[in-house]
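Below is one structure; the comments refer to it alone.
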Amino acid sequence: MRVLVTGAAGFIGSQVADLLVAQEHQVVCLDALLPQAHGGGLPEWSRQHEPVIGDVRDGELLDRLLPGVDAVCHQAAMVGHGLDPSDAPDYASHNDYGTAVLLAAMHRAGVSRLVLASSMVVYGEGRYGCARHGVVRPAPRRAADLTEGRYDPTCPHCAGPLAPALVPEDAPLEPRSTYAASKLSQEHLAAAWARQTGGGVWALRYHNVYGPRMPRDTPYAGVASIFRSALADGRPPRVYEDGRQRRDFVHVTDVARANVLALAAPAPDGALVPVNVCSGEPHTVGELAEVLASAMGGPAPEVVGGARAADVRHVVADPRSARELLGYTARVGFVAGVTAFATDPLREPAAVPA
């Protein structure tokens with residue numbers, strides 16, 4: 001199989017490219033080397049693939065790269081929380097316009113298989129159950145409650161406590177940040193393309209990915225990288241809220257394997273099928289900080305309270321669809337993966353403007 005991998009020098013894209021080559025597939029690698037994710041130029045681990053340095057928004061470039069390609073693995077994106085509204089044009093341009101240009105070029109080239117990197121951020125808050133009202137969408141968390149240390153959302157009907165549950169792919173979608181909105185827009189664009197062309201799309205909703213090659217020392221990095229940078233400087237990792245917010249931390253090698261399985265799976269005809277890519281082993285953010293601090297011999301985490309505007313309390317994935325549709329089950333356990341992350345190679349600090 002010949003695969004175009006966009007964002008192929010990035011954290012996840014480079015792992016996908018490596019795995020495809022290891023399984024004797026041909027890869028065509030493309031990356032714009034956005035400064036938000038890259039520092040020091042092309043990473044050493046990507047040089048073997050001889051990537052084309054270019055922008056997915058360049059339709060003429062795509063027209064030269066796509067002939068002979070069997071499938072596209074679209075990892076290219078501007079990532080991060082997207083909390084500053086002034087970033088919105090960049091997210092829309094790189095993520096949404098870039099995806100639209102790619103889909104149009106795929107149509108011109110007759111390429112009908114797409115694996116799209118989506119994200120758990122499209123869900124907003126996770127799934128919750130109320131003892132009286134069943135599954136509900138939680139009431140918004142109030143600033144006054146957060147200030148007083150009341151972090152768990154409540155039932156919108158009775159204001160009672162809620163129990164977090166696994167989030168399936170058909171859960172309501174409620175993006176809470178510019179980045180989240182751009183990822184959902186990517187899914188909508190790809191779904192429309194699939195219906196119009198008869199193509200097939202697997203939309204892989206990544207949960208909290210960590211592991212070797214993460215970007216470091218940038219506000220666009222994931223929480224594991226931020227904690228590690230603090231510990232490397234001799235500072236305690238700062239944990240928001242009470243540290244009990246639950247997430248699903250999934251190792252990047254498992255995410256790469258999910259992509260390759262999706263590329264090999266029968267394509268959904270004329271449709272987009274979303275799939276959670278997760279570990280199936282939820283843990284708290286506080287646990288992540290504790291295991292990493294122990295592995296690095298650093299100071300204990302500092303729980304600082306507070307909450308950022310777009311933060312959600314609990315997002316815990318249901319892994320069943322990935323297992324049933326793609327044959328995917330995570331292999332890297334939490335403690336082993338986080339302990340290894342203490343010494344994993346990270347990419348050079350990104351050149352983020354002040």
Side-chain angles (χ1 to χ4, degrees), residues 1-22 25-80 90-106 109 111 114-119 179 182-183 186 190 204 206 209 211-218 220-222 225 252-253 255-256 259-260 262-263 345-353:
M1 179 168 50
R2 184 174 176 85
V3 181
L4 171 64
V5 181
T6 72
F11 169 39
I12 297 172
S14 66
Q15 298 274 2
V16 173
D18 283 357
L19 187 55
L20 283 168
V21 169
H25 298 291
Q26 293 181 306
V27 294
V28 179
C29 293
L30 174 67
D31 201 294
L33 298 182
L34 292 182
Q36 295 93 335
H38 297 274
L42 183 66
E44 184 62 34
W45 47 72
S46 292
R47 296 182 189 278
Q48 62 177 316
H49 304 307
E50 300 181 347
V52 175
I53 308 304
D55 200 312
V56 75
R57 297 171 294 181
D58 184 343
E60 293 183 358
L61 173 61
L62 293 174
D63 287 341
R64 296 195 297 272
L65 297 179
L66 281 167
V69 163
D70 300 300
V72 173
C73 187
H74 184 30
Q75 306 293 320
M78 180 175 168
V79 300
D90 286 337
Y91 280 100
S93 178
H94 286 290
N95 298 356
D96 302 332
Y97 178 67
T99 298
V101 172
L102 174 63
L103 293 169
M106 289 175 65
V111 180
L114 174 67
V115 174
L116 172 68
S118 188
S119 172
Y179 170 63
S182 75
K183 297 307 288 183
Q186 283 185 300
L204 304 186
Y206 303 157
V209 187
R213 305 181 185 176
M214 279 189 90
R216 65 184 179 92
D217 303 332
T218 162
Y220 297 92
S225 178
V252 67
T253 58
V255 173
N259 274 273
V260 175
L263 286 163
L346 304 185
R347 69 182 57 242
E348 291 299 312
V352 179

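For the pair Leu42/Pro51, a side-chain contact is recorded, criterion being any heavy-atom separation below 4.5 Å from C-beta on. Within the 4.5 Å cutoff, no side-chain heavy atoms of Ser93 are placed close to those of Met78. Arg64 has its side chain out of reach of Val52: every pair of non-hydrogen atoms, C-beta onward, lies at least 4.5 Å apart. The shortest distance between side-chain heavy atoms of Trp45 and Pro212 does not fall below 4.5 Å. Contact check for Leu20 versus Asn259: no side-chain heavy atoms found under the 4.5 Å cut-off. Between Val255 and Gln15 the shortest side-chain heavy-atom distance does not fall below 4.5 Å. Residues Asp55 and Leu61 form no side-chain contact, since every pair of their non-hydrogen atoms from C-beta on lies 4.5 Å or further apart.
The structure places NE2 of His25 at 13.5 Å from CZ of Arg2, a figure rounded to the nearest 0.5 Å. For the atom pair CE (Met1) and SG (Cys73), the distance works out to 9.5 Å, reported to the nearest 0.5 Å. For the atom pair OG (Ser118) and CG (Asn95), the distance works out to 10.5 Å, reported to the nearest 0.5 Å. Separating the CG atom in Leu204 from the CG atom in Leu116 is a distance of 7.5 Å, to the nearest 0.5 Å. Atoms CE and CG, from Met106 and Leu114 in turn, are 4.5 Å apart once rounded to the nearest 0.5 Å.
Residues Ala109 and Leu66 share a closest heavy-atom pair of CB-CB, 3.7 Å. Considering all non-hydrogen atoms of both residues, Leu33 and Asp31 come closest at N-OD1, 2.6 Å. Considering all non-hydrogen atoms of both residues, Leu62 and Leu102 come closest at CD1-CA, 3.7 Å. The two residues Val79 and Tyr91 make their nearest non-hydrogen contact at O-OH, 3.1 Å. Scanning both residues, Arg57 and Gly98, for their nearest heavy atoms gives CG-CA, 3.6 Å. Between Ala105 and Asp63 the shortest heavy-atom distance is CB-OD1, 3.9 Å.
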Open item on the list: Determine whether Val5 and His49 satisfy the following criterion, side chain to side chain contact (heavy atoms under 4.5 Å, CB included), listing intermediate values before the conclusion.
Closed with: CA-CA 11 Å; Val5 181; His49 304 307; over 6 Å; no

Margin query: Quick one, Asp70 with Leu263, criterion side chain to side chain contact (heavy atoms under 4.5 Å, CB included). Give me CA distance, side-chain angles, the key distance, then yes/no.
Written below: CA-CA 9 Å; Asp70 300 300; Leu263 286 163; over 6 Å; no

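Asp18 pairs by the salt bridge (charged side-chain N to carboxylate O under 4.0 Å, His left out) definition with Arg213, not counting sequence neighbours. The side-chain hydrogen bond (donor to acceptor under 3.5 Å, both in side chains) search around Gln186 returns Thr99, Lys183, not counting sequence neighbours. The side-chain hydrogen bond (donor to acceptor under 3.5 Å, both in side chains) check on Gln26 picks up nothing, with sequence neighbours excluded.
When atom types are taken as modelled, the side chain of Ser225 and the backbone of Gly222 share no donor-acceptor pair closer than 3.5 angstrom. Formation of a donor-acceptor pair under 3.5 Å by the Ser14 side chain with backbone atoms of Ser46 is not found in this model.
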